[in-house]
Amino acid sequence: MQGVVFLGDRKVETRTFPDPTPGPGEVVLEIMASGMCGSDLKFYRSPAGEAMKAMGLGSAEPMIAGHEPCGIVVATGSGVHPQQARVGQRAMVHHYRGCGACPHCATGWAQLCVEGVAEVYGVTGHGAHARYMKCPASTIVGLRDELSFAAGAAIACGTGTAWGALQRMGAAGDQTIAVFGQGPVGLSATVLASALGARVIALDVSDERLARARELGASAVINPKTTDAVAAIKSLTRGLGAHASLDASSSPEARRQAVQCVRTWGKACFVGEGGDVVLDVSRDLLRRQVTLLGSWTFSTIGQKDCGDFVADRGIDIDRLFTHRWRLEQAGEAYRVFDTQTTGKGVFLN
Ligand SMILES: [Zn+2]
Ligand SMILES: [Zn+2]
């Protein structure tokens, strides 16, 4: 089969790989949708050989890219219980492989494996930018019939990550939530928090992305390039600040504003990968009893919960996508995504 790999320096290449066959406890999916996630840009842009290091994951031969897998189970290995996975099942993949036995793996958090996560698909293990993909049956998450394969792909990282962060923040319908960055994760947070009933203030340096955020549920939008973000959020909240904020931009400035814009006793959550932030600890955090959270994606259970929430509320996740591609168009697809002005992209089979 053909698989897309990141070579670094904004180069992608299609290479030939053997079709995977499932070992004991494993399944093979035919990939129907493979999403493009903001974190893919780190591998795409980093210098050759540095792609894995960009995520602190060491270095190795390039693997098949794509960590938002969604498709149909086409083969199961020995020892796979039919309740875990069966041929013909529509499924998402929780995109990590751990030891499978430690307390974190056993509770669906393979990325927190005490042995160190063995594989992050699309980075240190073969991902979903290919026709087929292999994974442990225990990391299959069923895709409900109401959801498209593309929606499942979004939930398999970007949208699920927004869901996981909102859960950690205790997001609720009576809150005002500021979401910094309206890329695939931030825009998902805008959609999901709005569906929870929260009032969302969306921020981005791209007016195009802000227009999309408003269409998909944001009550107010702010472009920090032209407006003092913290002052604007305060003026929208009677001088108090937001109940909670989420940074999906990874910008050091946005992270600082995400902390400063919440009210006393407020919560700020970082989900954007990489980089750093400088805070005035006493003024920004201590003196206002601010809780600062980090959130890394979600568990298999959280992934299922996100899918259920989206399906039960009839949320149109497909509206996150502005670009649908074939695998052969990977070079162009990443060139467009790299502009960081578009909505989400997905490769469809
Ligand atoms: Zn483990
Ligand atoms: Zn991702």
Side-chain angles (χ1 to χ4, degrees), residues 4 6 25 31 33-46 51-52 54-57 63-70 92-129 133 135-139 141 150-166 181-189 192 246-250 270-275 294-303 306 317 320-321 333-334 337-338 340 342-347:
V4 174
F6 294 129
I31 297 297
S34 180
M36 300 168 76
C37 181
S39 63
D40 290 322
L41 290 177
K42 289 200 167 54
F43 316 127
Y44 176 71
R45 291 170 179 171
S46 58
M52 320 318 169
M55 287 275 275
L57 293 165
M63 295 285 169
I64 298 171
H67 65 270
E68 295 190 337
C70 190
M92 303 179 273
V93 176
H94 186 251
H95 65 268
Y96 309 94
R97 184 195 290 259
C99 75
C102 76
H104 298 308
C105 286
T107 50
W109 288 96
Q111 68 270 47
L112 306 180
C113 179
V114 296
E115 307 290 332
V117 60
E119 288 179 11
V120 179
Y121 302 131
V123 187
T124 57
H126 287 313
H129 286 0
M133 183 184 154
C135 68
S138 59
T139 59
V141 179
I155 291 165
C157 186
T159 300
T161 293
W163 173 259
L166 292 171
Q182 295 296 312
V185 173
L187 186 57
S188 293
L192 295 173
L246 179 67
D247 176 67
S249 76
S250 302
F270 292 168
V271 291
E273 290 269 6
S295 187
W296 188 23
T297 58
F298 44 82
S299 67
T300 52
I301 311 299
Q303 189 169 350
C306 180
I317 285 297
L320 294 173
F321 294 100
Y334 277 97
F337 194 45
D338 192 29
Q340 288 191 277
T342 64
K344 197 173 172 69
V346 63
F347 296 99

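Order of listing sets the numbers, starting from 1, for every ligand and every atom in it. The basis for the numbers below is simple: all heavy atoms, side chains too, and nothing from hydrogens, waters or symmetry mates. Positions are given from 1, in the same order as the sequence printed here.
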Legend entry - Minimum-distance pair of heavy atoms, taken over all atoms of V346 and A33: CG2-CB, 4.0 Å

Inset, instruction - Examine H67 and say whether one of its N/O/S atoms is closer to the Zn ion (ligand 2) than 2.8 Å. - result: yes

Inset, instruction - Look at the N, O or S atoms of H104, main chain and side chain alike, and state whether any lies under 2.8 Å from the Zn ion (ligand 1). - result: no

Inset, instruction - Using the Zn ion (ligand 1) as the apex, give the angle to atoms SG (C102) and SG (C105), rounded to 10 degrees. - result: 110°

Legend entry - Heavy-atom donor-acceptor pair, S250 side chain to E273 backbone, under 3.5 Å: yes

Inset, instruction - For the pair K42 (side chain) and G274 (backbone), establish whether a donor and an acceptor sit closer than 3.5 Å, ignoring hydrogens and angles. - result: no

Legend entry - Three-point angle C157:SG, the Zn ion (ligand 2), C37:SG, rounded to the nearest 10°: 120°

Inset, instruction - Quick one: sort the F43 and F6 rings into parallel, tilted or perpendicular, breaks at 30° and 60°. - result: tilted

